[in-house]
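We name chains A, B, ... by the order of the sequence lines, and we start the count at 1 in each one.
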2 protein chains.
Amino acid sequence: MPVVGMVGGGQLARMTAAAAVGLGATFRVLAESANESAALVTHDVAIGSHLSLPDIAAFAAECDVITFDHEHVPGAILAELESAGVLVRPGSAALGYTQNKLAMRERLSSLGVPCPRFAPVVSVADVEKFAAGSWPVVLKAVRGGYDGKGVWVCDSAVEAAEVISHGIPLLAEEFVPFRRELAALVAMSPSGQGAAYPVVQTIQVDGICREVIAPAPGLDPDLAIEAEAMALGIAAQLGVTGLLAVELFETRAGGLLANELAMRPHNSGHWTIEGAVTSQFEQHLRAVLDLPLGSCVPAGTFTVMANLLGGTDPDVFDRYIHVMAADPTVKVHFYGKEVRQGRKIGHVTIVGGPGDSVESLRDRARRAASYLRWGTEDGE
Amino acid sequence: MPVVGMVGGGQLARMTAAAAVGLGATFRVLAESANESAALVTHDVAIGSHLSLPDIAAFAAECDVITFDHEHVPGAILAELESAGVLVRPGSAALGYTQNKLAMRERLSSLGVPCPRFAPVVSVADVEKFAAGSWPVVLKAVRGGYDGKGVWVCDSAVEAAEVISHGIPLLAEEFVPFRRELAALVAMSPSGQGAAYPVVQTIQVDGICREVIAPAPGLDPDLAIEAEAMALGIAAQLGVTGLLAVELFETRAGGLLANELAMRPHNSGHWTIEGAVTSQFEQHLRAVLDLPLGSCVPAGTFTVMANLLGGTDPDVFDRYIHVMAADPTVKVHFYGKEVRQGRKIGHVTIVGGPGDSVESLRDRARRAASYLRWGTEDGE
């Protein structure tokens, strides 16, 4: 079997390591330290920086193909690796669109993908012109934002001025009064095979994903097909290899707008570990190894995933026992991370059967996540 | 989280390592070499012999609890470890019954568990007396048999004489003309919590498990309950911690007879990785860590597991691609073992939905296993 290396030692690499065991692929991780989430469980760990060309090149020399746990490897390094003959999947051209939101917006718009109205802005005057009297306006860092960081909802020119004063490249976007947020997850292999998971609903709090419901309840089947086709089209047009997650707004008018892209396993796809025939982690490995893709068919009626955030008490173990005893069907995934207030330290998944309502599944997932965080079932 | 160490580096430890990732438990393996199945994927591998007290003691010193991938650690070593305060789960008293088939038979009989008629034998005359003119008679090595090794079906005193001539301790058992073979898999925690998986049908060829169908199709519900209760009763009476697999005969008269015991994850439970809410590997970890046990409820209607045996061509990878392409719902598990004719090198699993007949699932699983072995879908 070929050797696949993942740059980055976070929880996505950790869960990919577990998926590689069954697949029989040899899996390696480049982590920044031996204490990182994936480094704690992966057999073959290299320690190095994702910002260092020599570190990644040395790592890649022991792999047949490299892929990524995050989108933070500088584009120049990716291009250098490719010039040197390293198989980089997804490639630098595709990954560039996850690193530059303005380039992403411009490219998606040129492809005809519906997006929020946007414009680059450098001054308060630019923002005011963009707003044209209609606030709020969303300002986004062109580079480096994630989990709500790098996104500011501004209700006035005064608030926009505060963001502009940070001195970073920004784009302005219309504030979309959405009905709900959705995510479309697809995979594409170098051979051109594509596969689409059912479209899910994501529930964000303060810009952080808290819950995922798969498939999105009550979603118009035509809209679901439109979302899957949109994601597959973006993957094909941008030359993505591996997973592509497209975060979407379902607008109040009943349409779709593309929000963000990720080209790796994604929080909105954690439900697939138990909830789909092929997990997103195995699917990503299959795609980057150019193996035939696995079935994306759901294993249950509905699956609910709730992120587990750190609370104030680091001793999660006692609470873990309680959660296991209270609900023997809940599946807890710990990432091996130190507990810090608000940090994603794991997730819980419940796969529903014919008799389970979405609300009862959500309730059980939330109770488990709440108890693990706060020691009470209604803490969040 | 506490640290659990598994003695033995085979495929059971390999799959337990994958289960430990999600559970968040720190998992270590004591393997004989760095090339063993589990040693290839486990983060924390110690190299040593399961026949060496110092090796196991040194390993155990870095663990909160130790458990086993096999039943080959000598009882004297287990007892020494326990005397030294090591948490050994399952304990030496229970494990002793998996190492001595005569002691197992005597104990089960004393508990009232229905077993084939048996007797210790040392001479051909003993065997003839046991047979009382009714052949065949099954001779079994009291110690060390597995996968059909150490079991001889003798049609005559001449054949028995050949086995007796090996000079090893033997017991004789009646030859049971069974309808089919079943297996009951249960878990028991030190706190006394028990959990039972649905009873499965196993299909053996030449003493090696080839297929498992979960749950056993058409099994009388009363018989299923009897099998589960029998396994839970044995686990409780023998003081088993962790998994207990009871291999059973369903007799032509419609009753059950206990055949063999295993106190670890078992081949008859591999289907649980995809086919049950909690996999047997996670369940074993939960039990030995004295965590609340997980749900044993099936994820599908029927799940079929087929063992993948090595063929004559070691290059399984090309055939793997074909199998993935032919059936995107088949789940292949490779053990990272060198391909040798007849050796268990992996397994395939297919979880069925409401529309799938057991025969169609078996057919698909067999095709995949056959193609991986022989390069043709009807090679076995």
Chain A heavy atoms under 4.5 Å from [X]: which part of the residue, side chain, backbone, both or neither?
X: B/Thr42; value: backbone
X: B/Val330; value: backbone
X: B/Glu282; value: side chain
X: B/Ala39; value: backbone
X: B/Val41; value: both
X: B/Leu293; value: backbone
X: B/Leu40; value: backbone
X: B/Ala299; value: backbone

Answer yes or no: is there a donor N or O on one side and an acceptor on the other, between the side chain of A/Tyr320 and the main chain of B/Met1, under 3.5 Å?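 No: the side chain of A/Tyr320 does not pair with the backbone of B/Met1.
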Among [options], residue most engaged with chain B (heavy-atom pairs, under 4.5 Å):
options: A/Gly24, A/Gly353, A/Pro328; value: A/Pro328
options: A/Tyr335, A/Phe317, A/Phe334, A/Phe27; value: A/Phe317
options: A/Gly294, A/Pro292, A/Pro2; value: A/Pro292

Hey, does A/Leu23 have a side-chain heavy atom less than 4.5 Å from the side chain of B/Met324?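 Side-chain contact under 4.5 Å: yes.
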Would you indicate whether the side-chain heavy atoms of B/Ile321 and A/Leu291 approach each other to under 4.5 Å?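 Yes. Closest side-chain heavy atoms under 4.5 Å.
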Give a yes or no on whether A/Arg340 atom CZ has more than 12 heavy-atom contacts from other residues, nucleotides or ligands under 6.0 Å away.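 Not more than 12 within 6.0 Å, no.
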Give the member of B/Lys331, B/His322, B/His347, B/Gln193 that has the highest number of heavy-atom pairs under 4.5 Å with chain A.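 The option with the most such pairs is B/Lys331.
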